[in-house]
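First up is the structure itself, then whatever we jot down about it.
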Amino acid sequence: MVAEVYTLCAAGARAMNALILARILGHQINLDSIQIESLYPREMGPDVMTVEDFLNRGLLLLDKDIETRVQKAASNGNVLRYVCVIEGSRCEIGIQDLPKNSPLGRLRGSDNVLEIYTRCYSEQPLVIQGAGAGNDTTAAGVLADIVDVQDLFP
């Protein structure tokens, strides 16, 4: 059960958020068309490795891989961020090497950042930043959705 929840949180929640954003933007994509770079390789997945093995052996292997990527990014003055890119019919989620002075590079804690590039904002994006997941934020979002749904049924 823990592995199933971990898998859903690791990929499913991000993919659902990406799908919602893409559809709001008018793109007709489905969940299967989203390319996701997993934070762990397939051989460490819940169908191959037990949670105990993952915690005892898998995390150490992941740490080495991520540390190598962090050092490479840092040598270029960059940082790593787990990012979703929606462009046309393309939707990808994965780790990207980004400048540390960019809006995504400056991201801290549980905040979320949305960079919007348009014809008018092609060089410098419109940036929206705010609190990410948390009990209060999630509850406020659910309440707002309930209010919106009630307005659909007069």
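Computation of the quantities below employed the complete heavy-atom set of this structure, encompassing side-chain atoms and omitting hydrogens, waters and symmetry-equivalent molecules. Throughout, numbering of the chain's residues begins at 1 and tracks the sequence.
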Quiz item: Quick one: do L80 and L104 end up in the same hydrophobic cluster if we chain Ile, Leu, Val, Met, Phe, Trp and Tyr together by side-chain heavy atoms under 4.5 Å apart?
Solution: no
Practice problem: Nearest 0.5 Å please: distance from the CD atom of Q35 over to the SG atom of C84. | Solution: 12.0 Å
Quiz item: Nearest 0.5 Å, what's the CG-CD1 distance between L114 and I116?
Solution: 4.5 Å
Practice problem: List the atom of T50, the atom of D53, and the distance in Å for their closest heavy-atom pair. | Solution: OG1-N, 3.0 Å
Quiz item: With a 4.5 Å limit on heavy-atom distance, are the side chains of V113 and R106 in contact?
Solution: no
Practice problem: Following the transitive rule for hydrophobic clusters with a side-chain heavy-atom cut-off under 4.5 Å over Ile, Leu, Val, Met, Phe, Trp and Tyr, establish whether I34 and V83 coincide in one cluster. | Solution: no
Quiz item: Say you draw a straight line from CD1 of I24 to CG of L19; how long is it, rounded to the nearest 0.5 Å?
Solution: 10.0 Å
Exercise. Look only at the side chain of Y82 and the backbone of E37, and say whether a donor-acceptor pair between them is shorter than 3.5 Å.
Key: yes
Self-check item: Nearest heavy atoms of I86 and A18, plus distance in Å
Solution: CD1-O, 3.6 Å
Quiz prompt | Side-chain heavy atoms of N78 within contact of K100, under 4.5 Å | solution = no
Self-check item: Separation between CD1 of I95 and CG of L39, rounded to the nearest 0.5 Å
Solution: 5.5 Å
Practice problem: Look only at the side chain of H27 and the backbone of S89, and say whether a donor-acceptor pair between them is shorter than 3.5 Å. | Solution: no
Quiz item: Any side-chain heavy atom of T118 sitting closer than 4.5 Å to one from L126?
Solution: no
Quiz item: Shared ILVMFWY cluster between V51 and L59, side chains joined below 4.5 angstrom?
Solution: yes
Practice problem: For residues F54 and L62, determine if any side-chain heavy atom of one lies less than 4.5 Å from a side-chain heavy atom of the other. | Solution: yes
Exercise. Give the minimum heavy-atom separation between M49 and G58, together with the two atoms involved.
Key: SD-CA, 4.3 Å
Self-check item: Within one Ile-Leu-Val-Met-Phe-Trp-Tyr cluster: V85 and Y117, side-chain cutoff 4.5 Å
Solution: no
Quiz item: Taking NZ, NE, NH1 and NH2 as the nitrogens, is one of them in R90 or E92 under 4.0 Å from a carboxylate oxygen of the other?
Solution: yes
Quiz prompt | Joint cluster assignment, L25 & I29, ILVMFWY side-chain distance < 4.5 Å | solution = no
Self-check item: Donor-acceptor under 3.5 Å (R81 side chain, G105 main chain)
Solution: yes
Quiz item: Given side chains that start at C-beta, do those of T68 and K72 come closer than 4.5 Å, heavy atoms only?
Solution: no
Quiz item: Taking all atoms of both residues into account, what is the closest heavy-atom pair of D97 and N76, and its distance?
Solution: OD2-ND2, 4.4 Å
Quiz prompt | Spatial distance of atom CE (M16) from atom CG (L21) [nearest 0.5 Å] | solution = 11.5 Å
Exercise. Verify the neighbour count for atom CD of Q28: are there more than 12 heavy atoms of other residues, nucleotides or ligands below 6.0 Å?
Key: no
Exercise. Mark yes or no for whether N30, through its side chain, and S33, through its backbone, hold a donor-acceptor pair below 3.5 Å.
Key: yes
